[in-house]
Amino acid sequence: MEENQVVSMPRIGDPAPEFKAVTTQGNINFPADYKGSWVILFSHPADFTPVCTSEFMTFASMEAKFNEANCKLVGLSVDGLYSHIAWLRTIKDKIEYKGMKDVEVKFPLIEDITMEVATKYGMIQPGESNTKAVRAVFYIDPKGVIRTIIYYPLSMGRNFDELYRVLIGLQTADAFSVALPADWRPGDDVIVPTAGSCGVAKERMESKDEMHCYDWFFCTKPLDKDKVLKTVLKK
Ligand code: BEZ
């Protein structure tokens, strides 16, 4: 791909582009096979590379946590199926890293030698690499709509606690019709939608309920951690 070539990239709010692919767990029809679940579709630059290995071990070790939040994981790189299989076997059989060992990657890893899927999703970013996908993360909701996109460069491993925080945040914002402030975590105050009119704002600022208004455009209220976990994790 030319460095200056214009490619269309999926955006937040777009339906997830459709594709059929071969994976380490069989064939998939995306996103139709995932209807009703959240799914994180993520790319990595190459099999048998150190940053990607640390990421796969971390993601695989946290998979149950993501599944509990009704979210499935799907990986992709522009390597072939046999490379994927050999790399994942090496990880399981040989790599011990930060207390993780015998790590089995159970989620599907897409082979994309033709770069068809990576190109469709804007994962090939020629300023970074013409031949490898960047570290892209797409959050797709149960209706197949892209809700968040995060990119990291080749040289920097992702923060998987942050990836989990974003998933829980998206589900919380949906379930409670709220927005979430900087660094929000379950149990922190949430932002209530803007009051809209001065009268409502004044009422809110004077109200004695749990809402706290810093000004007319910035009101928060508590949202109990257990309530969030019960709703999102059904716990
Ligand atoms: C890595 O995963 O270690 C890696 C992959 C591609 C370029 C640089 C680092």
Side-chain angles (χ1 to χ4, degrees), residues 1-10 16-17 19 21-25 28 30 39-67 71-140 146 148-167:
M1 191 187 292
E2 297 293 320
E3 197 167 318
N4 295 324
Q5 189 180 330
V6 177
V7 285
S8 75
M9 312 251 294
F19 63 85
V22 173
T23 84
T24 49
Q25 303 290 329
I28 59 169
F30 196 91
V39 51
I40 295 179
L41 173 67
F42 69 102
S43 55
H44 69 277
D47 297 346
F48 291 102
T49 50
V51 179
C52 301
T53 299
S54 70
E55 289 192 316
F56 262 67
M57 293 185 77
T58 309
F59 226 173
S61 302
M62 293 172 75
E63 187 185 4
K65 248 176 102 164
F66 282 84
N67 290 167
C71 179
K72 296 185 174 149
L73 310 178
V74 180
L76 174 149
S77 80
V78 302
D79 299 289
L81 185 63
Y82 295 108
S83 165
H84 285 343
I85 291 169
W87 178 46
L88 299 186
R89 190 178 302 148
T90 304
I91 287 176
K92 180 171 182 333
D93 293 349
K94 296 199 179 148
I95 312 284
E96 185 170 347
Y97 173 71
K98 287 200 167 169
M100 295 178 280
K101 64 177 196 180
D102 201 22
V103 173
E104 195 172 344
V105 174
K106 296 182 182 140
F107 55 80
L109 175 49
I110 294 169
E111 81 156 358
D112 191 28
I113 316 174
T114 60
M115 299 196 199
E116 192 187 322
V117 181
T119 304
K120 216 176 220 187
Y121 272 81
M123 293 163 170
I124 305 294
Q125 304 194 357
E128 183 74 343
S129 172
N130 267 317
T131 55
K132 293 178 172 67
V134 296
R135 301 180 198 281
V137 188
F138 287 83
Y139 290 76
I140 296 158
I146 296 173
T148 297
I149 306 172
I150 307 175
Y151 296 114
Y152 286 63
L154 301 193
S155 55
M156 172 91 193
R158 285 162 275 213
N159 180 321
F160 289 86
D161 289 331
E162 170 63 2
L163 299 192
Y164 184 70
R165 188 187 77 92
V166 170
L167 175 70

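Numbering of ligands and ligand atoms starts at 1, following listing order. Worth saying up front: this structure is predicted, and the values here are computed from it rather than measured.
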Hey, what polar pairs (N/O, under 3.5 Å) does ligand 1 make with protein?
{"residue": "ligand 1", "atom": "2 (O)", "partner": "Thr49", "partner atom": "OG1", "Å": "3.0"}
{"residue": "ligand 1", "atom": "2 (O)", "partner": "Val51", "partner atom": "N", "Å": "3.2"}
{"residue": "ligand 1", "atom": "2 (O)", "partner": "Cys52", "partner atom": "N", "Å": "2.8"}
{"residue": "ligand 1", "atom": "2 (O)", "partner": "Arg135", "partner atom": "NH2", "Å": "3.1"}
{"residue": "ligand 1", "atom": "3 (O)", "partner": "Pro50", "partner atom": "N", "Å": "3.2"}
{"residue": "ligand 1", "atom": "3 (O)", "partner": "Val51", "partner atom": "N", "Å": "2.6"}

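Listed for the Ser43 side chain is a donor-acceptor partner under 3.5 Å among the backbone atoms of Ala136.
Ring centroids of Phe42 and Phe59 are separated by less than 6.0 Å, placing the two rings close together.
Between the side chains of His84 and Asp79, no donor N or O sits under 3.5 Å from an acceptor N or O.
By the 4.5 Å heavy-atom criterion applied to side chains, Leu109 and Trp87 are counted as neighbours.
The side-chain tip of Lys65 points at the ring of Tyr164 from less than 6.0 angstrom away and within 45° of straight on.
Under the 30°/60° scheme for interplanar angles, the aromatic rings of Tyr121 and Phe138 are found to stand perpendicular.
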